[in-house]
Amino acid sequence: MKQQTPRVRCPSCQQLQIRCLCHHVVAQTLPWKLVVLQDRREAKAAKNTLPLLHACLPQLTVWTDQEFSQHQPLDALLNDSDIQCVLVYPGETAQDLSALATQPEDRDYCFILLDGTWRQSLHLLHSHPRLAMLPRVRLTPLRPPGYHIRKARRPDSLSTFEAAASLLAFWDRPGANALLRSFDRWIADELARLPESIRARYPAITPSE
């Protein structure tokens, strides 16, 4: 029986060596806490943007689970009186980020993103009763969505990476643009792995300025 060649992982980004992310990483510092609640199934998706985002934002906290009703670290975060948690998620009660500028700065902000398909994110949202009760903000994208390597339910859907960049742009536009350039290079690499007949279906990528 033919032995399989071991799948070697990069010691830095922990991705398979042939998909190493290190040459795309542009490290940025966050002005607030950022937590991503990731659906366990999404964590297995080969084209998930979270590994690159985590490499670019070392301060990022990622919790992966099927649901969070009994998640003690999340409970501790939501119960911390020194932190104002804000959910980044669309909805009737969602406000523009500019609304935060009018609120007193007596607590540090922690923004929470949900990582998964629309159906998965809804499941995560309803898995913890207090998540749906958090103040919500909606994002103004820096540009049209560029997550071409995966199908989206809506044409305005943003990847978790793009959502984090749009969030950061309110405080640090150069840092957000640097993240998007990193994202574009990664997308270009992923597209380059595809056969030409398939790659031709995707739009050309123009890196962010």
Novice: Is there a path of hydrophobic side-chain contacts, each under 4.5 Å between heavy atoms of I, L, V, M, F, W or Y residues, that connects Trp171 with Val26?
Specialist: no
Novice: If you round to the nearest 0.5 Å, how far is CG of Leu77 from OG1 of Thr61?
Specialist: 8.5 Å
Novice: Considering non-hydrogen atoms only, spot the tightest contact between Ala176 and Leu168 and give its length.
Specialist: N-CD2, 3.9 Å
Novice: I need the Glu67 CD to Leu125 CG distance, nearest 0.5 Å.
Specialist: 13.0 Å
Novice: How far does CG of Leu131 sit from CG of Leu78, to the nearest 0.5 angstrom?
Specialist: 6.0 Å
Novice: Can you check whether Pro51 reaches Leu21 side chain to side chain, under 4.5 Å on heavy atoms?
Specialist: yes
Novice: Could you tell me which residues satisfy salt bridge (charged side-chain N to carboxylate O under 4.0 Å, His left out) with Arg40, sequence neighbours excluded, listed by chain and number?
Specialist: Asp65
Novice: Could you tell me whether the side chain of Ser166 and the main chain of Ala163 form a donor-acceptor pair under 3.5 Å?
Specialist: no
Novice: Just verifying a value: how many Å separate Leu180 CG and Ile187 CD1, rounded to the nearest 0.5 Å?
Specialist: 11.0 Å
Novice: Search all heavy atoms of Thr49 against all heavy atoms of Trp186 and return the closest pair with its distance.
Specialist: CG2-CZ3, 3.8 Å
Novice: Which atom names give the shortest non-hydrogen contact between Cys56 and Pro58, and what distance separates them?
Specialist: O-CD, 3.3 Å
Novice: Would you please test Ser182 and Leu52 for side-chain contact (heavy atoms from CB on, under 4.5 Å) and show each step?
Specialist: CA-CA 9 Å; Ser182 172; Leu52 178 61; 3.9 Å; yes
Novice: Working to the nearest 0.5 angstrom, can you tell me the gap between Cys85 SG and Leu87 CG?
Specialist: 9.5 Å
Novice: Arg143 versus Asn177: any side-chain heavy-atom pair under 4.5 Å?
Specialist: no
Novice: Determine whether Leu113 and Leu37 satisfy the following criterion, side-chain contact (heavy atoms from CB on, under 4.5 Å), listing intermediate values before the conclusion.
Specialist: CA-CA 6 Å; Leu113 289 168; Leu37 306 183; over 6 Å; no
Novice: Are the side chains of Asp75 and Arg130 in contact, using a 4.5 Å heavy-atom criterion?
Specialist: no
Novice: Are Tyr109 and Val86 close enough that some pair of their side-chain heavy atoms sits under 4.5 Å apart?
Specialist: yes
Novice: Take the angle between the ring planes of Phe111 and Trp32 and call it parallel below 30°, perpendicular above 60°, tilted in between.
Specialist: perpendicular
Novice: Does His24 reach the main-chain N or O of Phe183 with its side chain, forming a donor-acceptor pair under 3.5 Å?
Specialist: no
Novice: As an exercise, state the distance from SG of Cys110 to CG of Asp82, rounded to the nearest 0.5 Å.
Specialist: 12.5 Å
Novice: Decide yes or no on side-chain contact (heavy atoms from CB on, under 4.5 Å) for Lys33 and Gln59, but give the supporting numbers first.
Specialist: CA-CA 8 Å; Lys33 186 177 179 64; Gln59 300 165 270; over 6 Å; no
Novice: I'd like to know if the side chain of Gln38 pairs up with that of Thr64 as donor and acceptor (distance under 3.5 Å, no hydrogens or angles considered).
Specialist: yes
Novice: Taking the side chain as every heavy atom from C-beta outward, state whether Pro174 and Asp172 have any pair of such atoms under 4.5 Å apart.
Specialist: yes
Novice: What I'd like to find out is whether the side chain of Leu50 reaches to under 4.5 Å of the side chain of Phe161, using heavy atoms alone.
Specialist: no
Novice: Between Glu42 and Asp39, is there a donor-acceptor pair closer than 3.5 Å when you use the side chain of the first and the backbone of the second?
Specialist: no
Novice: Closest heavy-atom contact between Trp63 and Leu74?
Specialist: CZ3-CA, 3.7 Å
Novice: State yes or no: do Ile112 and Leu122 share one hydrophobic cluster built from I, L, V, M, F, W and Y residues joined by side-chain heavy-atom distances below 4.5 Å, directly or via other members?
Specialist: yes
Novice: Locate the shortest heavy-atom distance separating Ser69 from Ser127; write the atom from each residue and the value.
Specialist: CB-O, 3.1 Å
Novice: Indicate every side-chain donor-acceptor pair of residues 135-142 with a distance under 3.5 Å to a residue at least two apart or in another chain.
Specialist:
residue : atom : partner : partner atom : Å
Arg136  : NH1  : Pro90   : O            : 2.8
Arg138  : NE   : Asp96   : OD1          : 3.0
Arg138  : NH1  : Ala94   : O            : 2.2

Novice: Find out if a path of hydrophobic residues (ILVMFWY) with successive side-chain heavy-atom gaps under 4.5 Å connects Phe68 to Met133.
Specialist: no
Novice: Excluding sequence neighbours, so at least two apart, what forms side chain to side chain donor-acceptor pair (under 3.5 Å) with Thr93?
Specialist: none
Novice: Compare every heavy atom of Gln28 with every heavy atom of Gly175, then report the nearest pair and how far apart it is.
Specialist: CA-OE1, 3.3 Å
